[in-house]
Amino acid sequence: MKCMESFGAALRRDGCRLLVAGFAASAALTVAAPAFAQESNEPGAYVVLRAGAQFGSDVKFPKPAKTKPAPAPKPGTKPTPKPTTPPTTPPGFPDSLSSETAFSGELGAGYDFNGFRLEATVGRSSANIKTDKLGNKDFVGAGKVKALDIGIAGYVDFNPDGPANPFLGAGIGMSQVNLDVSRLANPTKPVTPADKRPGTHLEGSEWAFRWHLDAGLGYKLSRNTTLEIAGRYARTSATEFKAKTVTVTGTGTAAKATTVTNSFKPSLSSTSLMIGLRQKF
């Protein structure tokens, strides 16, 4: 697990490192060439199924905008009020939330031009949010992030007529992100009024632009069937979600609950390692 977390951190620092990591992860597939793999690769349509683990996934909130200091007041005038900026992170939330390792998969169809592939895919992923930065003795954290991804991608295959085909790829598309994260008062403690728990609940479902970079290696099991292993780094642009924050003042019959709703725009990124099977027709 530590190895996966280290790999994911490296990709977040520099997406280009994915290219090297993808080839390294797939080196084990390079074995002796079967006789049929020596024949020329023929263009044709294909379908593909991929599944694997998604790790190093983050939900990041933007940093607060810097404000310029107010100019010095002129003699005989009142000081200019200090400008205020809206919050960029929900109350009590860290500026970045990490997800647990989870399943990721996609199904697609494409066309192999013998050296270059163009494909369209639909993918799903779902992961639980790590709560170590959300909860403490007074608050309980919980969360989940799901995504439905639709996009197109292009891949360059190296050595297309050989048995082992290293490849590089990139894709763009849209992602429907479902985010549900909460940080609520510990239910073991008295809460007044009973139907309200102080804390913040961030949730919503929105579409946003998504791009990804892939690197890996394919190995021909037969003339028309290819097994592949690949690494992927994906990023989804900032998406707006609503957060409701409940505060309770007073106690007993004098207690009063106040709810404030604000909008926040986190972005998402993830690293995944997938195994796939391509079948050409």
Side-chain angles (χ1 to χ4, degrees), residues 1-13 53-67 84-104 125-147 177-206 208 235-236 238-272:
M1 181 62 69
K2 291 183 179 180
C3 179
M4 285 186 175
E5 291 176 353
S6 177
F7 178 53
L11 290 180
R12 292 193 295 274
R13 289 193 302 269
Q54 177 178 282
F55 51 92
S57 179
D58 287 327
V59 178
K60 289 186 177 181
F61 296 93
K63 295 181 179 180
K66 294 182 179 180
T67 58
T84 59
T85 58
T88 59
T89 304
F93 280 47
D95 58 6
S96 179
L97 296 170
S98 298
S99 300
E100 298 176 358
T101 301
F103 170 80
S104 176
S125 63
S126 177
N128 292 321
I129 298 292
K130 293 181 180 179
T131 59
D132 54 330
K133 294 182 180 180
L134 282 173
N136 53 36
K137 65 178 182 179
D138 297 319
F139 287 85
V140 177
K144 197 176 189 70
V145 56
K146 300 178 182 179
V177 180
N178 289 273
L179 186 62
D180 190 338
V181 187
S182 62
R183 182 179 184 271
L184 304 177
N186 195 323
T188 62
K189 294 183 176 295
V191 178
T192 305
D195 62 340
K196 294 284 188 180
R197 289 176 61 188
T200 301
H201 188 189
L202 176 72
E203 64 176 338
S205 177
E206 297 290 341
R235 179 175 287 274
T236 303
T239 310
E240 185 172 326
F241 296 97
K242 300 288 186 181
K244 293 183 179 180
T245 300
V246 176
T247 57
V248 177
T249 56
T251 59
T253 57
K256 181 180 179 181
T258 303
T259 301
V260 177
T261 301
N262 288 305
S263 296
F264 299 93
K265 295 183 177 181
S267 59
L268 287 78
S269 63
S270 66
T271 305
S272 57

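These numbers were taken from a predicted model, which means no experiment stands behind them.
The closest side-chain heavy-atom distance from Val246 to Thr259 is below 4.5 Å. Between Val140 and Ser182 there is no side-chain heavy-atom pair separated by less than 4.5 Å. Annotation: side chain of Phe93 is in contact with side chain of Val181 (closest heavy-atom distance under 4.5 Å). Lys242 is listed as a side-chain neighbour of Ser263, based on a closest heavy-atom distance under 4.5 Å. Using a 4.5 Å heavy-atom cutoff, the side chains of Phe264 and Leu179 are not in contact. Counting heavy atoms from C-beta outward, Glu203 and Asp180 have side chains that approach closer than 4.5 Å.
Heavy atoms only, all atoms of each residue included: Thr236 and Ala208 are closest at CG2-CB, 3.7 Å. Annotation for Val145 and Ser99: closest pair CG1-OG, 3.8 Å, computed over non-hydrogen atoms. Between Phe61 and Pro90, the shortest heavy-atom distance links the atoms CE2-CD, 3.5 Å. Shortest non-hydrogen contact noted between Pro266 and Val59 is CB-CG1, 3.7 Å. Between Ala243 and Leu202, the shortest heavy-atom contact is CB-CD1, 3.7 Å. Residues Gly141 and Thr131 come closest through the heavy atom pair O-CG2, 3.2 Å.
In terms of the side-chain hydrogen bond (donor to acceptor under 3.5 Å, both in side chains) criterion, Thr247 has no residue partners (sequence neighbours excluded). With sequence neighbours excluded, the residues that form a side-chain hydrogen bond (donor to acceptor under 3.5 Å, both in side chains) with Thr245 are Thr200.
We find the OG-NZ distance between Ser96 and Lys60 to be 5.5 Å, quoted to the nearest 0.5 Å. Considering CD of Glu206 and NZ of Lys265, their distance stands at 10.5 Å, rounded to 0.5 Å. Within the model, atoms CG of Leu184 and CG of Asp138 stand 13.0 Å from one another, a figure rounded to the nearest 0.5 Å. Expressed to the nearest 0.5 Å, how far CG of Leu97 lies from OG of Ser57 amounts to 10.0 Å. Rounding to the nearest 0.5 Å gives a distance of 11.0 Å between CZ of Phe103 and OG of Ser272. Between atom OG of residue Ser270 and atom CG of residue Asp58 there is a gap of 9.5 Å, rounded to the nearest 0.5 Å.
Of the possible donor and acceptor atoms, one in the side chain of Thr88 sits under 3.5 Å from a partner among the backbone N and O of Pro62.
No more than 12 heavy-atom neighbours from other residues, nucleotides or ligands sit within 6.0 angstrom of NZ on Lys146.
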